[in-house]
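Report on one structure; see the data block that follows.
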Amino acid sequence: MLKRLVKHVALRNVLLLYLVQFSSYVMPVITLPYLSRVLSPEKFGLIAYAQAFMWYFITLTDYGFNLSATRQIAIHQEDTEEVSRIFSTVMVCKVLLTLLGLIILMTTVLAIPKLRRDWLLFLLAFLSVVGNCLFPLWLFQGLQKLGHAAIRDFLAKILGIVALLSLVHSDKDYLLVAGIQGGSAALAGLIGLACVPLACPVRWRTPDWRQIRQALVAGWPLYLSLAASSFAGATSIMLLGLFSTPAEVGYYSGAQRIIAALKSLVGPVVTAVYPMVSLKAGRSKLEVLSFVKKYAFLLSSPFLAIGILVMTAGPWIVRVALGPKYDSSIILMQIMAMSPFLLSMSHVYSTYYMLACGYDRAWMRIMLTASVLNFVLLFPMLYLLRGSLALTITGMSIEVISLLLYWNFYRKNAPRDMLPVTAA
């Protein structure tokens, strides 16, 4: 039984996705205790600010290809010629979007005096965008061959940690932090690209402009939905940096990175459960409703336990992970403690119910509503409270509101979906 489970492709991919998640979210947290001690909150916050800025360009280069291209690769995985065409077209699109992002970044940084003096920091942080462009995770996911890429991505990030611990010793090395972290992402991207022939005999097929345009048009709706979900978070940190001090960004980012590592544990669960729930929805919405009722709290309960632990052990976690200079982060992390639980519960009603049952437009409306409300709440909060506390309270308020909106849609529509389908 155990041997059969280990050989199961879906389960193996979930475990490999956890490895990718670990290298992307958890491993940077490992360096937190060191960086928070050798860097001042000001320099730590400055690096966090630049890295938050990069999420705009990472979202731009993703452009929904992780969904649209993965689906196309999965459909045509037995057709090497078609896979080669899709791969070549998507890579050209991602390179063009990366160049566009670089132009936008440098134009913005040079145009704003507060950012201009740190132009080199932003340029080094942009290496993470280059790595995201090069790493063809969407190809490996579509082919269900994550092994080579995940393991090599993990090893590249390990090298990054070793370099950080060896070379960064004080505030004067803060540019090295951005360069090493961005460089390890770029190295992982190059290694991932080099692993493509091991996954599939892909041959380069130079696309024409019609194929590039088709790929961009196909990914546009998905890009909008992904951009809406990440725009509010990245912009909020950018506003915090403009309205407040680098130290405030540092206090917020220290707490937020620990919580983000815990939230990243939700992703592979969703990746594993969503296809199964979608299959149920294809047969009957009643099966989805039965699943939601039966497993909603069960799937989220581990994250509730994590939240309670973080709330009670917050002071100890912050002092171990960040050091005594970050006592201001304790209250922030305790406020954010239930964020992984709220995210998990939101997926129950948004992903497992709304998306599986085809309520895409309603899902998008809730996402856009939450993004707008984020800024409606944030601006007055920034004037009433210190920056990091304002951002934390606003973010948690939006997560609660989003969950309530998803649950309210479920509450209103589930009774109708429970009615049996009758033949016309």
Side-chain angles (χ1 to χ4, degrees), residues 25 28-29 31-33 35-56 112 114-115 118 121-122 125 171 174 177-178 230-264 307 310-340 342-343 370-371 373-402:
Y25 294 98
V29 173
T31 62
L32 273 180
L35 291 179
S36 62
R37 285 165 172 80
V38 299
L39 299 178
S40 66
E42 289 76 16
K43 292 300 185 185
F44 184 82
L46 194 59
I47 294 166
Y49 186 72
Q51 290 172 340
F53 199 6
M54 294 309 111
W55 275 108
Y56 290 115
I112 301 175
K114 190 172 182 178
L115 305 181
D118 295 303
L121 172 66
F122 288 96
D171 267 2
Y174 79 102
V177 177
S230 61
F231 177 80
T235 304
S236 295
I237 296 177
M238 294 299 296
L239 290 172
L240 176 60
L242 293 174
F243 278 83
S244 202
T245 64
E248 281 293 292
V249 180
Y251 297 139
Y252 174 80
S253 296
Q256 192 270 338
R257 288 188 183 195
I258 296 172
I259 297 299
L262 297 175
K263 290 174 72 173
S264 72
V310 171
M311 286 182 69
T312 54
W316 180 83
I317 293 172
V318 168
R319 285 174 186 142
V320 169
L322 302 174
K325 293 183 291 185
Y326 288 82
D327 278 355
S328 295
S329 297
I330 294 173
I331 184 63
L332 306 180
M333 195 179 72
Q334 288 176 321
I335 294 172
M336 289 189 273
M338 287 298 169
S339 185
L342 292 172
L343 176 64
S371 297
L373 285 176
N374 178 76
F375 297 111
V376 171
L377 290 176
L378 180 59
F379 282 107
M381 285 288 190
L382 284 171
Y383 284 101
L384 294 172
L385 303 169
R386 67 181 176 94
S388 57
L389 189 59
L391 188 53
T392 301
I393 293 175
T394 299
M396 288 303 296
S397 298
I398 295 303
E399 290 191 29
V400 172
I401 291 170
S402 297

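Hydrogens, waters and symmetry mates are skipped; everything else that's a heavy atom, side chains included, is used. All values derive from a computational prediction rather than experimental measurement.
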Subject >> Test item: Lys325 side-chain N/O and Leu39 main-chain N/O as donor-acceptor pair under 3.5 Å >> reply: yes

**OP:** Taking the side chain as every heavy atom from C-beta outward, state whether Ser328 and Glu248 have any pair of such atoms under 4.5 Å apart.
**Re:** no

**OP:** Nearest 0.5 Å please: distance from the OH atom of Tyr252 over to the CZ atom of Arg257.
**Re:** 11.5 Å

**OP:** Test Leu115 against Tyr49 for side chain to side chain contact (heavy atoms under 4.5 Å, CB included), laying out the working first.
**Re:** CA-CA 10 Å; Leu115 305 181; Tyr49 186 72; 3.4 Å; yes

Original post:
Hey, what do you get for OG1 (Thr394) to CZ (Phe379), rounding to the nearest 0.5 Å?
Top reply: 10.5 Å

**OP:** Please name the pair of heavy atoms, one in Pro315 and one in Gln334, separated by the smallest distance, quoted to 0.1 Å.
**Re:** CD-NE2, 3.5 Å

Original post:
How far apart are the closest heavy atoms of Ser329 and Ala255, and which atoms are they?
Top reply: O-CB, 3.8 Å

**OP:** Could you grab the distance from atom CD1 of Ile112 to atom CG of Asp118, nearest 0.5 Å is fine?
**Re:** 12.0 Å

Original post:
What are the two closest heavy atoms between Ile330 and Arg319, and how far apart are they?
Top reply: CD1-NH2, 3.8 Å

Original post:
How long is the span from the CD1 atom in Ile317 to the CD1 atom in Ile259, to the nearest 0.5 Å?
Top reply: 8.0 Å

Original post:
Rounded to the nearest 0.5 Å, how far does CD1 of Ile335 lie from CE of Met311?
Top reply: 9.5 Å

**OP:** Search all heavy atoms of Tyr174 against all heavy atoms of Ile47 and return the closest pair with its distance.
**Re:** O-CD1, 3.6 Å

**OP:** Report the C-alpha distance between Leu391 and Leu332 in whole Å, list the side-chain angles of each, state the deciding distance to 0.1 Å, and finish with yes or no for side chain to side chain contact (heavy atoms under 4.5 Å, CB included).
**Re:** CA-CA 9 Å; Leu391 188 53; Leu332 306 180; over 6 Å; no

Subject >> Nearest non-hydrogen partners of Leu377 and Ser397, listed with the distance >> reply: CD1-CB, 4.1 Å

Original post:
Taking it one step at a time, do Met338 and Val310 satisfy side chain to side chain contact (heavy atoms under 4.5 Å, CB included)?
Top reply: CA-CA 8 Å; Met338 287 298 169; Val310 171; over 6 Å; no

Subject >> Worked check of side chain to side chain contact (heavy atoms under 4.5 Å, CB included) between Leu389 and Met381 >> reply: CA-CA 9 Å; Leu389 189 59; Met381 285 288 190; over 6 Å; no

**OP:** Please round to the nearest 0.5 Å and tell me the distance separating atom OG of Ser339 and atom CD1 of Ile258.
**Re:** 13.0 Å

Original post:
Can you name the nearest heavy-atom pair linking Val249 to Gly45, along with the distance?
Top reply: CG1-O, 3.4 Å

